[in-house]
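Working notes, structure below.
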2 protein chains.
Amino acid sequence: MGVSLKDIAQRAGVSLATVSNVVNGYRPVGERTRQRVQQAVDELGYTPNLSARHLRRGRTGLIALAIPELTNPYFAELADMAIREAAGLGYTLLMENTAAERGEELTLLDGAQRHIIDGLILSPVAIGREEVLARRARMPLVLIGEGVYDVPYDHVAIDNVAASRTATAHLVALGRRRIAFVGAPPGDDRQSAHLRIRGYREALAVAGIPFDLRLVASTEQFGRADGEHAMRHLLTLDSPPDAVLAYNDLTAIGALRALTRAGVRVPDDVAVVGIDDIEEGRFSNPTLTTVAPDKREIGRSAVRRLVARIEGEQGPPTHLQPAFHLVERESTGPRPSVAPRRRIRGYRG
Amino acid sequence: MGVSLKDIAQRAGVSLATVSNVVNGYRPVGERTRQRVQQAVDELGYTPNLSARHLRRGRTGLIALAIPELTNPYFAELADMAIREAAGLGYTLLMENTAAERGEELTLLDGAQRHIIDGLILSPVAIGREEVLARRARMPLVLIGEGVYDVPYDHVAIDNVAASRTATAHLVALGRRRIAFVGAPPGDDRQSAHLRIRGYREALAVAGIPFDLRLVASTEQFGRADGEHAMRHLLTLDSPPDAVLAYNDLTAIGALRALTRAGVRVPDDVAVVGIDDIEEGRFSNPTLTTVAPDKREIGRSAVRRLVARIEGEQGPPTHLQPAFHLVERESTGPRPSVAPRRRIRGYRG
DNA sequence: TCCGGGCTCTATAACGTTATACGGATCGCC
DNA sequence: GGCGATCCGTATAACGTTATAGAGCCCGGA
């Protein structure tokens, strides 16, 4: 069907191997021949058949990024970075959606896609340390995010304890005392939110504020709807919170929605902080204060580690902690800037 | 490295071809042999080498979905649907980010990825009809979205004229007269917004409202920031709009942000409608009225058409128009429901 | 004159799979 | 009992690439 090496070889009057060498630059080729081959390649519009190449080489040039939710902007933004980095290194990045399901994550871990991808970047949320340790597949693996630690694989994640400590400390510094946490995991402690809760507790302890379990609202997942429900619950408490740290920006936005809907003023009555710095939070009403991880660095590092392993790097697993910083916006602002800037003329009513 | 057909054949004491037939079910195999082979497969944990299979079959089982922005929730939600459908049909969907760049779109069109994907679903935004017509690659192609029409390829998109007509008519029905359009393309008419503007004009004409060019704000792209800038501009007009139809939900959300920031009440002073029905609009403040295309149907149809073509379907190109419907929320609500539902006790200040 | 040794280039054997053509049973039927 | 038809399997040739071994050739040195 397509143009193959053989066609080029024929046209240029050389052998298959020579064409291959011109295309790959694996072995030197004489200048005259090189040019003749190159011309044939251009004329016929040859592109290598990757299946064949990969069959021969044993590698496919594809890597997968498995994330719990395609529709979570945090992961979309992260994937964006990762795709660019992968392309720069000559790899194509495939996105896999685990839907935060245990089965999906395990399947990927054990290499269902073996032979189609050279390596996997996984953000585990439904599986724990033991499952990762039990994995049999030898395909290179890099973990990202706060799901699983202490396993013999490269790992890239911000310091989640420090991140939530920073966010909580910010609320404390604003004079808030009843600080709630929205988006705790529903039960076991294998999950990520654990670390974020730890940071939250640490910051409270430093400030001398007693930890109040009633202010911790757990959620099934970490989407907008979950944050909204949790916040609604918190508003029913006898003495509701005056601030909220959310597990991530999405739950924070859900919380904002619940607050607005209930007529609670943000930040006047309740201040809100999220984690992730998704673009949505820069345009929400009010805009969202958040902890911004260096997504670019996370995406790049994860891809780089993986590619290094694929290309044979040995050595002990590395654990990278990209930087993060607090971004102050209206949801914790000293004063919301919602007052009209200037008079608008011409409205009805 | 991995377990291959040969290993299975050896262990089960049969030929390669028989193992292949068991695995594929291409030709019937006797029950006894079948079981023996199956057992060997299970014991050794065999998974077919896809590169080899694809080399032989001439197909890879990979299809690509090329979208202008990974981080646009509309496309993320669409991709989510498409991935599921593709998986159900035995294909793996690869996401490509064109970044709305002409070069990227052309490269994909001309089959840079030839040999790695069997077909392409493309949402063109930077290229026009001529470029699509000029394409040489023979790989199956399905177009989605409102970018390019009248080309000999399968196409899936809602009726954009009708969608924006519906949205505009809704604003008219609410008694609005100065209805602005946010998110017109920056100049030429090759682009999609053209159709949406046409629907907008049609609805105005039906209502007997004169078209006012000053109320059409063009933007470079169609993100939140673009909507915000455009809206800010509209607010400087001598007689500003009392309603806004935005090109999509993202620009609508940008507009909401600009309005809130300027102290303009939504929907009291200005009503806002978007198109896309992204989840974000269900949680924004105020929540966003929008035209909801049947994303599930768009994703499914596009994948199905593509797979049909890959598997040899001939016949004239089809043009599918999935359904859409208007979703009324607070941003056009007769009365915003932001009043407190019940008294919240316990706030400071 | 002959030989070792760079250079270029070629011939060919894999890589793991599937499709085709064929071989040998077994069966039904005259 | 002979004959075609029907099963069930097998042997083998691709698919397009790359790595390996080696073939010519030219050159400098003995």
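Below, chains carry the letters A, B, ... as their sequence lines are ordered, and counting in each starts from 1. Note that the structure is predicted; figures quoted are calculated from it, not measured.
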*Pairs satisfying salt bridge (charged side-chain N to carboxylate O under 4.0 Å, His left out), at least one member in residues 69-86 of chain B, at least two apart*: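 Every pair satisfying salt bridge (charged side-chain N to carboxylate O under 4.0 Å, His left out) with a residue in residues 69-86 of chain B: B:E77-B:K295, B:D80-B:R84, B:E85-B:R300, B:E85-B:R304.
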The complete set of salt bridge (charged side-chain N to carboxylate O under 4.0 Å, His left out) pairs with one or both residues in residues 47-58 of chain B, sequence neighbours excluded, reads none
Taking 4.0 Å as the cut-off, does a side-chain nitrogen or oxygen of [X] come that near to OP1 or OP2 on [N]?
| X | N | answer |
| --- | --- | --- |
| B:S20 | C:dT17 | no |
| B:N24 | C:dT18 | yes |
| A:S15 | C:dT10 | yes |
| B:R53 | C:dT18 | yes |

With sequence neighbours left out, the residues meeting side chain to side chain donor-acceptor pair (under 3.5 Å) with B:Q10 are none
Applying side chain to side chain donor-acceptor pair (under 3.5 Å) to B:S301 and not counting sequence neighbours gives B:E297
Whole-Å distance separating the [atom1] atom of [X] from the [atom2] atom of [N]:
| X | N | atom1 | atom2 | answer |
| --- | --- | --- | --- | --- |
| A:R32 | C:dT8 | CZ | P | 13 Å |
| B:Q10 | D:dT10 | CD | P | 13 Å |
| B:L44 | C:dG16 | CG | C1' | 15 Å |
| A:R27 | C:dG6 | CZ | P | 15 Å |
| A:R59 | D:dT18 | CZ | P | 12 Å |

Within the structure shown, what part of the strands sits under 4.0 Å from B:T18 by heavy-atom distance: base, sugar-phosphate, or nothing?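 B:T18: base contact, heavy atoms under 4.0 Å.
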With distance as the sole test, does A:N72 use its side chain to make a donor-acceptor pair with the main-chain N or O of A:Y74 at under 3.5 Å?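 At least one qualifying donor-acceptor pair exists.
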With distance as the sole test, does B:R59 use its side chain to make a donor-acceptor pair with the main-chain N or O of B:D118 at under 3.5 Å?
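It does not hold such a pair.
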Exercise. Looking only at side-chain atoms of B:V14, point me to the closest of C:dT8, C:dT17, D:dT10.
Key: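 Selected nucleotide: D:dT10.
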Write out a two-atom table: protein N or O, nucleotide N or O from nucleotides 13-15 of chain C, distance below 3.5 Å.
from, atom 1, to, atom 2, distance (Å)
C:dA14, N3, A:R56, NH1, 3.1

Q) So do the side chains of A:I8 and A:V22 get within less than 4.5 Å of each other, counting heavy atoms only? A)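 No. Closest side-chain heavy atoms not under 4.5 Å.
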*asked:* Could you tell me if the side chain of B:L78 sits less than 4.5 Å from the side chain of B:I144, heavy atoms only?
replied: yes
The helix from C:dT1-D:dA30 to C:dC30-D:dG1: angle between terminal helix axes, five bp per end, to the nearest 10 degrees, reads 60°
### Task
Report the relative orientation of the aromatic rings in A:H155 and A:H319; use parallel for angles under 30°, tilted for 30 to 60°, perpendicular for over 60°.
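Parallel: the ring planes of A:H155 and A:H319 meet at under 30°.
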